[in-house]
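I have placed the structure first, in the form of structure tokens, so that the comments after it can refer back to it.
Everything numeric in this text was worked out from a predicted model, so none of it was measured. Order of appearance sets the numbers: ligands from 1, and atoms from 1 within every ligand.
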Amino acid sequence: MTILVTGGAGFIGANFVYLELDKHPEDRIVCLDKLTYAGNLETLKEALDKPNFRFVKGDICDRDAVFALFEEEKPDIVVNFAAESHVDRSIEDPGIFLKTNILGTQVLMDASREYKVKRYHQVSTDEVYGDLPLDRPDLFFTEETPLKTSSPYSSSKAGADLLVNAYHRTFDLPTTISRCSNNYGPYQFPEKLIPLMIANALDEKPLPVYGQGLNVRDWLYVEDHCKAIDLIIRKGEVGQVYNIGGHNEMKNIDIVKIICQELDKPESLITYVTDRKGHDMRYAIDPAKIHRDLGWLPETMFADGIKMTIKWYLDHKDWWQRIVSGDYMKYYEEMYGERLRQA
Ligand code: NAD
Ligand code: DAU
């Protein structure tokens with residue numbers, strides 16, 4: 001079987017590529033990635049040696065290139081990870097989010113129709129459900145929760161989800177959608193909360209916590225997310241949406257304190273800065289459906305996963321130090337410079 005993985009040079013896509021190569025060596029994996037600031041070929045270097053892996057640099061919005069690749073590879077399954085993924089960047093510049101996340105999805109589904117793929121899987125997010133109040137710990141997102149987005153990022157992901165459902169109903173495209181909570185683990189770009197705090201703490205730089213740090217996210221180790229997608233594309237029911245999460249809700253401030261403790265750095269590095277605009281308060285996934293229908297359960301406890309993640313960043317300083325020393329510095333100054341000076 002040939003699986004086309006888009007966005008496989010990014011954080012979750014790369015972890016998925018490695019899982020598939022390891023678990024299903026009989027399958028061929030073709031990765032299509034534009035190598036934006038978030039994509040890194042270095043991340044795939046161990047995959048590049050494998051005879052059943054091919055990397056293609058390209059944009060999912062480029063219709064001709066996408067159709068040419070489908071003509072050549074005739075993929076059986078398409079798993080679409082490719083996206084602009086950072087909420088803060090979507091607040092600064094929404095346009096590229098709408099283009100890649102919605103129009104790119106359309107191009108991939110048009111090609112999937114034309115070449116009659118057996119499954120088109122859309123990697124979506126719990127952010128499409130909006131947020132939950134802090135004082136209602138009894139509430140969770142189910143697959144029936146209405147879409148109600150807050151940021152240009154989450155709106156673009158919700159737009160893509162609606163389009164996926166439309167292609168299923170109107171054109172009978174065999175689709176599935178997964179909506180996962182916050183991931184952490186190896187190869188996450190250091191703009192996101194956990195790797196950013198690890199990198200800054202190691203350099204004894206301020207740790208910029210938005211607002212009061214009371215926002216809650218539901219953290220899942222990236223490998224558990226990838227295993228869930230692997231199950232969905234092989235055993236999931238066409239037309240279905242599956243929520244993925246491990247009931248691991250934590251306040252941002254508690255995450256940052258754990259990182260300080262694990263790295264033996266002082267909590268005085270924590271700096272409260274101006275809040276993110278439209279900041280979602282709480283995410284919490286009800287994963288009952290994927291457990292009941294596909295038998296999926298998370299395997300890595302947060303206490304272990306965060307230790308493994310910190311160790312990975314300590315062991316792979318060259319991977320992230322190259323990133324934080326380049327264009328990222330400009331981004332960091334734009335995003336945090338003024339906020340930190342005001343704090
Ligand atoms: P990421 O930003 O680390 O990686 C995105 C990848 O997509 C990069 O390799 C980038 O080069 C590639 N890409 C971007 N635009 C492209 C284009 N036009 N054509 C081809 N490739 C392109 O993102 P991530 O955190 O790995 O997220 C992957 C997917 O999972 C996204 O769809 C995201 O919405 C979803 N998701 C992420 C999380 C999370 O916690 N990170 C949780 C749930 C869902
Ligand atoms: O829930 C799934 C989503 O999780 C994915 O769809 C997104 O692609 C992914 O980026 C992530 O979105 P978040 O906005 O939740 O992740 P982020 O790491 O940017 O922020 C996590 C929380 O930490 C959030 O409440 C904002 C806060 N934060 C973040 C950064 C980068 C800070 O307090 N300081 C920071 O510097």
Side-chain angles (χ1 to χ4, degrees), residues 5-16 31-41 43-44 56-62 65-66 79-91 96-97 99-101 103-105 107-108 122-129 131 141 150-151 153-154 156-157 160 178-185 187-197 200 206-220 222 225-226 229 244-245 250-253 255-256 270-276 279-285 332 335-336 339-340:
V5 177
T6 66
F11 165 46
I12 308 174
N15 278 283
F16 182 75
C31 170
L32 173 67
D33 196 297
K34 187 180 173 185
L35 296 181
T36 67
Y37 80 92
N40 189 346
L41 206 46
T43 301
L44 289 173
V56 179
K57 183 172 188 294
D59 188 337
I60 58 166
C61 301
D62 183 341
V66 167
V79 186
N80 181 24
F81 290 92
E84 289 294 333
S85 69
H86 193 36
V87 173
D88 290 326
R89 288 185 193 253
S90 81
I91 295 167
I96 184 70
F97 284 74
K99 184 167 183 241
T100 294
N101 299 0
L103 298 179
T105 297
V107 170
L108 287 172
Q122 178 74 1
V123 181
S124 185
T125 168
D126 61 356
E127 295 200 16
V128 298
Y129 299 122
D131 64 352
F141 298 136
S150 312
S151 71
Y153 162 71
S154 54
S156 68
K157 294 294 290 185
S178 54
R179 297 184 180 140
C180 189
S181 59
N182 284 64
N183 285 211
Y184 69 101
Y187 300 115
Q188 188 166 29
F189 194 85
E191 67 190 349
K192 305 284 166 59
L193 180 76
I194 289 182
L196 184 142
M197 296 299 164
N200 281 18
L207 307 176
V209 171
Y210 298 163
Q212 296 176 293
L214 300 179
N215 305 64
V216 168
R217 295 293 182 266
D218 186 357
W219 294 95
L220 185 73
V222 62
H225 182 188
C226 294
I229 295 174
I244 308 172
M250 296 181 73
K251 288 201 275 280
N252 293 341
I253 187 65
I255 298 265
V256 179
I270 294 173
T271 308
Y272 293 94
V273 299
T274 312
D275 210 348
R276 172 185 280 176
H279 198 172
D280 280 335
M281 219 50 231
R282 168 177 169 247
Y283 301 147
I285 279 280
Y332 194 83
M335 195 60 75
Y336 295 98
R339 277 168 150 169
L340 285 168

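For atom 8 (C) of ligand 1, the candidate residues are I12, D33, L32, T105; the nearest heavy-atom contact is made by D33. Relative to atom 5 (C) of ligand 1, the option among A82, S85, A83 with the closest non-hydrogen atom is A83. Selection from Y37, F97, Y187, Y153 by nearest heavy atom to atom 34 (O) of ligand 1 gives Y153.
Only side-chain heavy atoms of T100 come within less than 4.0 Å of ligand 1; its backbone N, CA, C and O stay farther off. Neither the backbone nor the side chain of H86 comes within 4.0 Å of ligand 1, counting heavy atoms alone. Proximity of E127 to ligand 2, defined as any heavy-atom pair under 4.0 Å, is confined to the side chain (atoms from C-beta onward). At a heavy-atom cutoff of 4.0 Å, ligand 2 is contacted by the side chain of V87 but not by its backbone. With a heavy-atom cut-off of 4.0 Å, L35 touches ligand 1 through its backbone alone.
Any N or O atom pair closer than 3.5 Å counts here, and Y210 shares at least one such pair with ligand 2. The shortest N or O to N or O distance between K157 and ligand 1 is under 3.5 Å. For ligand 2, none of its N or O atoms has an N or O atom of D88 under 3.5 Å away. Considering backbone and side-chain atoms alike, K34 places an N or O below 3.5 Å from some N or O of ligand 1. The shortest N/O to N/O separation between R276 and ligand 2 falls below 3.5 Å. The N/O atoms of N252, backbone and side chain alike, include one that comes under 3.5 Å of an N/O atom in ligand 2. At a 3.5 angstrom cut-off on N or O pairs, F81 counts as close to ligand 1. The distance criterion of under 3.5 Å between nitrogen or oxygen atoms is met by T36 with respect to ligand 1. The shortest N or O to N or O distance between L193 and ligand 2 is below 3.5 Å. Of the N or O atoms in D126, one or more lie within a sub-3.5 Å distance of an N or O in ligand 2. When only interatomic distances are considered, the shortest N/O to N/O separation between E191 and ligand 2 does not fall below 3.5 Å.
Scanning the protein heavy atoms around atom 40 (O) of ligand 1, the nearest turns out to be N183 N, 2.9 Å. The shortest contact between atom 18 (N) of ligand 1 and any protein heavy atom is with D59 OD1, 2.8 Å. For atom 3 (O) of ligand 1, the nearest protein heavy atom (residue, atom name, distance) is F11 N, 3.1 Å. Among all non-hydrogen protein atoms, the one lying nearest atom 43 (C) of ligand 1 is C180 O, 3.4 Å. In terms of protein heavy-atom proximity, atom 11 (C) of ligand 2 is nearest to N182 ND2, 3.4 Å. Nearest protein heavy-atom neighbour of atom 4 (O) of ligand 1: G10 CA, 3.4 Å. Nearest non-hydrogen protein atom to atom 19 (N) of ligand 1 is I60 N, 2.9 Å. Atom 5 (C) of ligand 2 has as its closest protein heavy atom Y153 OH, 3.6 Å. For atom 8 (O) of ligand 2, the nearest protein heavy atom (residue, atom name, distance) is S85 O, 2.8 Å. Nearest protein neighbour of atom 42 (C) of ligand 1, counting heavy atoms only, is S181 O, 3.4 Å. In this structure, the protein non-hydrogen atom closest to atom 36 (O) of ligand 2 is Y336 OH, 2.7 Å. Annotation: atom 34 (N) of ligand 2 to nearest protein heavy atom, P208 O, 2.8 Å. Protein heavy atom in closest approach to atom 24 (C) of ligand 2: H279 NE2, 3.4 Å. Looking at atom 30 (O) of ligand 1, its nearest protein heavy atom turns out to be V123 CG1, 3.5 Å.
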Kindly indicate, with the supporting measurements, whether the criterion side-chain contact (heavy atoms from CB on, under 4.5 Å) is fulfilled by V87 and H279. CA-CA 9 Å; V87 173; H279 198 172; over 6 Å; no

Evaluation steps, side-chain contact (heavy atoms from CB on, under 4.5 Å), between Y283 and T125: CA-CA 11 Å; Y283 301 147; T125 168; over 6 Å; no

Derivation and outcome, side-chain contact (heavy atoms from CB on, under 4.5 Å), residues F141 and V128: CA-CA 10 Å; F141 298 136; V128 298; over 6 Å; no

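Of all the atoms in ligand 2, the ones that sit under 4.0 Å from a non-hydrogen atom of V209 are 33 (O). Listed by number with element, the atoms of ligand 2 under 4.0 Å from a non-hydrogen atom of T125 are 1 (O), 2 (C), 3 (C), 5 (C), 6 (O). Counting the atoms of ligand 1 from 1 in the order shown, those under 4.0 Å from a heavy atom of A38 are 2 (O), 8 (C). Heavy-atom contacts of Y283 reach the following atoms of ligand 2: 1 (O), 15 (O) (cutoff under 4.0 Å). In summary, the atoms of ligand 2 found under 4.0 Å from a heavy atom of H86, numbered by their order in the structure, are 19 (O). In summary, the atoms of ligand 1 found under 4.0 Å from a heavy atom of G58, numbered by their order in the structure, are 19 (N), 20 (C). Atom numbering of ligand 2 starts at 1 in the shown order; those under 4.0 Å from a heavy atom of K192 are 10 (O), 18 (O). Atoms of ligand 1 found under 4.0 Å from any heavy atom of N182 (numbered from 1 in listed order, with element): 40 (O). Near S124, meaning under 4.0 Å from any of its heavy atoms, are these atoms of ligand 1: 43 (C), 44 (C).
What you find for L193 and W219 is that their closest heavy atoms are CD2-CZ2, 3.8 Å.
With K34 contributing its side chain and G7 its backbone, the two residues share no donor-acceptor pair below 3.5 Å. Side-chain atoms of N215 do not come within 3.5 Å of backbone N or O of N252 as any donor-acceptor pair. A donor-acceptor distance shorter than 3.5 angstrom exists from the side chain of D218 to the backbone of I285, with no hydrogens or angles considered. Looking at T6, its side chain does come within 3.5 Å of a backbone N or O of F81 through a donor-acceptor pair. At least one donor-acceptor pair under 3.5 Å links the side chain of R339 to the backbone N or O of T274.
Between I255 and M197, the closest side-chain pair of non-hydrogen atoms is not below 4.5 Å. Contact check for T36 versus E84: side-chain heavy atoms found under the 4.5 Å cut-off.
No side-chain N or O of S181 forms a donor-acceptor pair with one of D126 less than 3.5 Å apart. Side chains of Y210 and D88: a donor on one and an acceptor on the other come within 3.5 Å.
Between the NZ atom in K251 and the CD atom in Q212 there is a gap of 11.0 Å [rounded to 0.5 Å].
Between F189 and Y37, the two ring planes are perpendicular [angle over 60°; tilted spans 30° to 60°]. Between Y153 and F97, the angle of the ring planes goes over 60°, which puts this pair in the perpendicular group of the 30/60° scheme.
Checking each of L32, D33, L35 against K57 for a side chain to side chain contact (heavy atoms under 4.5 Å, CB included) leaves exactly one that passes, namely L35.
By the neighbour-count criterion of 12 heavy atoms within 6.0 Å, atom NZ of K192 is densely surrounded, having more than that number from other residues, nucleotides or ligands.
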